[in-house]
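One structure is given here, and the rest of the page talks about it.
Here the structure is a predicted model, which is why all the values come from computation and not from measurement. Throughout, numbering of the chain's residues begins at 1 and tracks the sequence. These numbers come from the heavy atoms of this one structure, side chains and all, not from hydrogens, waters or symmetry mates.
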Amino acid sequence: LEDFKNSQLVPYKILSNAINKNKISHAYLFEANDYPRTFDMAVAFAKALFCVDYDEKNDANIISNIIKQIDTNNFEEFKVINHENLVIKKEQLEQLQQEFTKKAIFNSKKIYIINSAEYLNASASNSLLKFIEEPEDNIIAILITNNIYSLLGTIVSRCQVVPFAKINETELQIYKEFDQQLVKIAINMYNNKEELEEFLNNDNNNITAIIEFIKYYEKNHQNTLLFTKKLWHNFFTDKKTITYALNIMILFYKDVLNSLLNRNIEVFINEGNLIKDIMQNNSVNKIIYKLSVLIDIKSKIGLNMNSSLLIDKLLLDFIGGEEIE
């Protein structure tokens, strides 16, 4: 946890105090706030919880072995749940609960992380709620989300919320060799260092294609429907890539909204001229409407709906909102 003391002082104090005072909650909710190493800090917290008893006995070999097994995904008392095709399903929670009924082998505690908890579907949310409503001794949950409002209020109320700060300028310096717009996109998209750096080193992130799609639509409106294959389907072909593109569009239109409200552009710092052009033909209400359309379409991606039809619906909804003042 010491690695995060300077960049995330509030979470560091909350978590280290819990360990030092032996007042561990049965469930934590890490509100990531686009901090790209939230998952890494969650794993560090889990390691500290597993090792604290041995640390007191100064048993370095056991500590080293626990950390090694966690790093290689071989520690039976530690589980991570990630989304599958942008959905966390009830079956994943049921499998976790089944595994955690087994007697602990290495440690008295059992810890699980639900990464990107905003992807919990309704049945998974209800299953999780039952799991944390009646917590068993020494089972600890760590939920991570960038959107706390997407979770059931009853889940949030049963967790200790740990708010994270956005990445600071010192940490940003380690990415100074990359285009800073790309860095800003990355830290809004990923909550662990490995995924962030993989994105930065990927030459095929299709940011240009997404910007071209937005630029074409804002100039041509309904004519965009005639060129969706060229502008969209050639680049974004499955749930994962479509959701990725929609997330980028949401970030872009948020920056248009920032400019309309006389705020600083937060992410698309290289697209000032395009944002200025789009502002000329969009009111605050129009941009808010477009953001709501994007969020609604993204929520439907995981429902096995036809992806091509969803993008047509996106454009039709956009076109239908052009009359908004």
State whether the number of non-hydrogen atoms from other residues, nucleotides or ligands found under 6.0 Å of [X] atom [atom1] is greater than 12.
X    : atom1 : value
E177 : CD    : yes
K47  : NZ    : yes
K166 : NZ    : yes
E136 : CD    : no
N17  : CG    : yes
N264 : CG    : no
E194 : CD    : no
K89  : NZ    : no

Thinking salt bridges, do [X] and [Y] make one under a 4.0 Å N-O criterion?
X    : Y    : value
E218 : K290 : yes
K184 : E266 : no
D277 : K215 : no

Can you tell me if [X] uses its side chain to pair, donor with acceptor, with the backbone of [Y] under 3.5 Å?
X    : Y    : value
T224 : H221 : yes
Q180 : Y175 : yes
S127 : A124 : no
D179 : L182 : yes
Q181 : N270 : yes
Y244 : N205 : yes
N147 : E118 : no
Q8   : A165 : yes
Q280 : K276 : yes
Y112 : F100 : no

Could you verify whether a donor N or O on one side chain and an acceptor N or O on the other, from [X] and [Y], lie under 3.5 Å apart?
X    : Y    : answer
E2   : Y12  : yes
S283 : N285 : no
S123 : N126 : no
K229 : N234 : yes

Can you see which heavy atom on [X] is nearest to which on [Y], and at what distance?
X    : Y    : result
Y253 : L294 : CD1-CD1, 3.8 Å
T38  : F30  : CG2-CB, 3.9 Å
N201 : E197 : ND2-O, 2.8 Å
L1   : A48  : CD1-CB, 4.4 Å
I88  : S116 : CD1-O, 3.7 Å
A141 : I132 : CB-CG2, 4.4 Å

Is any side-chain heavy atom of [X] closer than 4.5 Å to a side-chain heavy atom of [Y]?
X    : Y    : result
L120 : L93  : yes
I155 : L143 : yes
L29  : L151 : yes
V256 : M279 : yes
N247 : M189 : yes
I114 : L96  : no
F78  : I66  : no
I187 : D34  : no

Separation of [Y] [atom2] from [X] [atom1] (nearest 0.5 Å):
X    : Y    : atom1 : atom2 : result
Y35  : L196 : OH    : CG    : 10.5 Å
F50  : I62  : CZ    : CD1   : 14.5 Å
K110 : I140 : NZ    : CD1   : 12.5 Å

Check against side-chain contact (heavy atoms from CB on, under 4.5 Å), N282 and Y289: CA-CA 10 Å; N282 284 274; Y289 171 79; over 6 Å; no
For N82, side chain to side chain donor-acceptor pair (under 3.5 Å) partners two or more places apart: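 Expected list: N115.
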F213 ring center near F235 ring center (under 6.0 Å):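 So the answer is no for these two rings.
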Report yes if the distance between the aromatic ring centroids of Y28 and F45 is under 6.0 Å, otherwise no.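 Ring centres of F45 and Y28 closer than 6.0 Å.
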Steps toward side-chain contact (heavy atoms from CB on, under 4.5 Å) verdict (I19, L15): CA-CA 6 Å; I19 293 171; L15 302 177; 5.5 Å; no
According to a hydrophobic-cluster definition based on side-chain heavy atoms being under 4.5 Å apart (Ile, Leu, Val, Met, Phe, Trp, Tyr only), do L309 and L315 belong together?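 Result: no, two separate clusters.
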Sequence neighbours excluded, which residues qualify as salt bridge (Lys or Arg N to Asp or Glu O under 4.0 Å) partners of K79?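 For K79, the residues satisfying salt bridge (Lys or Arg N to Asp or Glu O under 4.0 Å) (neighbours in sequence not counted) are E76, E99.
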